[in-house]
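Given the structure is predicted, the values throughout are model-derived calculations rather than measurements. For reference, positions follow the sequence shown, starting with 1.
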Amino acid sequence: MALDEEGLVLPDLAAVQEEAARALADMVRDSVRGHNFDQIAIEVRDDDGPVLEVRIAWRIRRSNS
């Protein structure tokens, strides 16, 4: 788990969701280059606590040749 203590100020929940989805896509792209993760999630919080979570999971399944 990695924490981002700086964060961003965004105008509304739709912008928060879009930014979280973009960041998650970047994290997935980076993770396939040498890490063995099968799921990644971003939890978005404000001063009062969690606002939303964006999660992606995948499975690589190889066929027998």
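Remark: D46 CG to L52 CG distance equals 10.0 Å, nearest 0.5 Å. Taken from CD1 in I42 to CE in M27, the straight-line distance is 5.0 Å, to the nearest 0.5 Å. A distance of 9.5 Å separates CD of E53 from CG of L24, quoted to the nearest 0.5 Å. Expressed to the nearest 0.5 Å, how far CD of E18 lies from CG of L13 amounts to 12.0 Å.
Here the shortest heavy-atom pairing between V44 and A20 reads CG2-CB, 4.0 Å.
Between R55 and I40 there is no side-chain heavy-atom pair separated by less than 4.5 Å.
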- Message: Before you tell me yes or no, could you show the steps for E19 and L8 under side-chain contact (heavy atoms from CB on, under 4.5 Å), namely the whole-Å CA-CA distance, both residues' side-chain angles and the distance that decides it to 0.1 Å?
- Response: CA-CA 9 Å; E19 180 61 31; L8 299 171; 3.6 Å; yes
